[in-house]
Amino acid sequence: MISILQTYFFMLLRSLGYTLVLTLLALVFAMIIGLIFALCNVSRAKVLNVIGTVYVDAIRGVPLIVLAYFIYFGFPQLMKLLGVNNFRLPALQAGTIALAMNCGAYMAEIFRAGIQSIDKGQMEAARSLGLPYGISMKKVILPQAFKVMIPSIINQFIITLKDTSILSVIGYPELTNMGKTISGNTFKSLQTWAIVGIFYMIVIVTLSRVAKLIERRLKKDEH
């Protein structure tokens, strides 16, 4: 194990950096997607409700690996049928899209639950003051809901971080992909995957601690 660390430590560290970059990018876009479809789900318009529900149910019903394969391998074929040749998304872009779409469906439910946790009287009070629905949501409901959602968002970040390992199938140089390379080069699978597991564990345990600290702080602020 020590020999592997001596030889590959900085490569593993770089791959961990790639993993975190992919996770952060995916989470940013997932929050945008999640907010859009959450607003669709809490809207009074039935058409928007249907759109939000279909997206969430459809994406959550497709395994992430299938989504990644479709975007990385299938989408170029679709573009070719449309007359666009030599179209290929880099692994980072394809991975970000796949993760963002997948995570966005779960973020939509987090946002929806957060919005609906706010007393309806808050919206009614804002509307009675003459504020439009959009401004009431932006200025009154969402700031309160976001405080409730922070622990869930951090937990989703942790889940997304672990899901990046699936994207080794499209060749993205994240931590699991580097583990495969090291294992193949050294023929020391036990030690290699133990090291990779420790890298994941350090980051995930740290994020879990942060989530718990934030949750405690929010509870104190409520009291």
Side-chain angles (χ1 to χ4, degrees), residues 4-5 8-38 55-56 58-79 87-111 149-185 192-211 214:
I4 292 174
L5 283 172
Y8 294 101
F9 178 76
F10 289 106
M11 294 175 69
L12 286 164
L13 206 59
R14 184 174 59 188
S15 295
L16 179 60
Y18 288 143
T19 299
L20 292 173
V21 167
L22 177 60
T23 307
L24 286 168
L25 283 173
L27 190 68
V28 168
F29 288 111
M31 289 182 70
I32 296 170
I33 292 169
L35 180 58
I36 290 170
F37 287 102
Y55 177 82
V56 171
I59 296 298
R60 292 203 301 178
V62 177
L64 177 57
I65 191 170
V66 174
L67 193 59
Y69 274 135
F70 174 78
I71 293 169
Y72 190 69
F73 296 110
F75 194 66
Q77 291 293 318
L78 177 62
M79 296 299 291
F87 179 86
R88 170 73 69 175
L89 286 171
L92 175 60
Q93 293 180 16
T96 300
I97 293 169
L99 270 180
M101 290 179 66
N102 180 267
C103 181
Y106 292 93
M107 289 296 296
E109 288 298 282
I110 292 172
F111 277 112
M149 295 184 292
I150 287 176
S152 297
I153 291 172
I154 295 176
N155 286 330
Q156 188 59 47
F157 180 86
I158 293 169
I159 293 168
T160 304
L161 176 64
K162 290 190 286 186
D163 283 346
T164 58
S165 61
I166 295 173
L167 298 180
S168 62
V169 299
I170 61 172
Y172 183 72
E174 46 74 57
L175 195 54
T176 299
N177 201 357
M178 180 54 65
K180 290 179 180 179
T181 301
I182 296 171
S183 179
N185 290 343
T192 299
W193 293 114
I195 291 169
V196 170
I198 290 168
F199 269 77
Y200 276 117
M201 192 183 303
I202 290 169
V203 176
I204 289 168
V205 168
T206 302
L207 289 171
S208 298
R209 297 280 181 178
V210 170
I214 292 174

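The figures here come from the full heavy-atom set of this structure, side chains too, leaving out hydrogens, waters and symmetry mates.
Every residue meeting the side chain to side chain donor-acceptor pair (under 3.5 Å) condition with Glu109, not counting sequence neighbours, appears here in chain and number order: Arg112. In this structure Ser165 satisfies the side chain to side chain donor-acceptor pair (under 3.5 Å) test with no other residue, sequence neighbours excluded. Here Tyr200 pairs with Glu174, Thr176 under the side chain to side chain donor-acceptor pair (under 3.5 Å) rule; sequence neighbours left out. Scored by the ring-ring contact (aromatic ring centres under 6.0 Å, His included) test, Phe9 finds no partners at all (sequence neighbours excluded). In this structure, Lys162 has no side chain to side chain donor-acceptor pair (under 3.5 Å) partners at least two apart in sequence or on a different chain.
Note that Arg88 lies outside the cation-pi zone of Phe75, set by a 6.0 Å cut-off to the ring centre and a 45° limit from the axis.
We find the OH-OG distance between Tyr106 and Ser152 to be 14.5 Å, quoted to the nearest 0.5 Å. To the nearest 0.5 Å, the span separating CG on Leu27 from CD1 on Ile154 amounts to 10.0 Å. Rounding to the nearest 0.5 angstrom, the gap separating the OG1 atom in Thr164 from the CG atom in Leu22 is 6.0 Å. Atom CE of Met107 is separated from atom CD1 of Ile110 by 5.0 Å, given to the nearest 0.5 angstrom. Summarising the geometry, atom CG belonging to Leu78 is positioned 12.0 Å from atom CD1 belonging to Ile71; distances are rounded to the nearest 0.5 Å. Taking OG1 of Thr192 as the start and CD1 of Ile182 as the end, the distance is 6.0 Å to the nearest 0.5 Å.
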Quick one: do Gln156 and Ile153 satisfy side chain to side chain contact (heavy atoms under 4.5 Å, CB included)? Show the steps, please. CA-CA 5 Å; Gln156 188 59 47; Ile153 291 172; 5.6 Å; no
Could you walk me through whether Ile170 and Phe73 pass the side chain to side chain contact (heavy atoms under 4.5 Å, CB included) check? CA-CA 9 Å; Ile170 61 172; Phe73 296 110; 4.3 Å; yes
Which is it for Trp193 and Lys180 under the side chain to side chain contact (heavy atoms under 4.5 Å, CB included) test, yes or no, and what are the steps along the way? CA-CA 9 Å; Trp193 293 114; Lys180 290 179 180 179; 3.8 Å; yes
Derivation of the side chain to side chain contact (heavy atoms under 4.5 Å, CB included) call for Phe70 and Val62: CA-CA 11 Å; Phe70 174 78; Val62 177; over 6 Å; no
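For the pair Leu67 and Ala98, the tightest heavy-atom approach, listed with the atom from each and the gap, is CD2-O, 3.4 Å. For the residue pair Val196 and Gly179, the shortest heavy atom distance occurs at CG2-CA, 3.8 Å. Here the closest heavy-atom approach between residue Phe29 and residue Ala100 is recorded as CB-CB, 3.8 Å. Among all heavy-atom pairs drawn from Gly34 and Phe111, the shortest one is C-CD1, 3.8 Å.
In this structure, Ile33 and Tyr55 have side chains that are in contact, with non-hydrogen atoms separated by less than 4.5 Å. In this structure, the side chains of Thr23 and Phe157 come closer than 4.5 Å at one or more pairs of heavy atoms. A 4.5 Å side-chain heavy-atom check between Ile158 and Asn155 finds at least one atom pair inside the cut-off.
Enclosure of atom CZ in Phe199 by more than 12 non-hydrogen atoms of other residues, nucleotides or ligands within 6.0 angstrom is indicated.
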Validation: residues 12-21 side-chain donor-acceptor distances under 3.5 Å, sequence neighbours left out:
unit_1: Ser15; atom_1: OG; unit_2: Met11; atom_2: O; d: 3.0
unit_1: Thr19; atom_1: OG1; unit_2: Ser15; atom_2: O; d: 2.9
unit_1: Thr19; atom_1: OG1; unit_2: Leu175; atom_2: N; d: 3.1

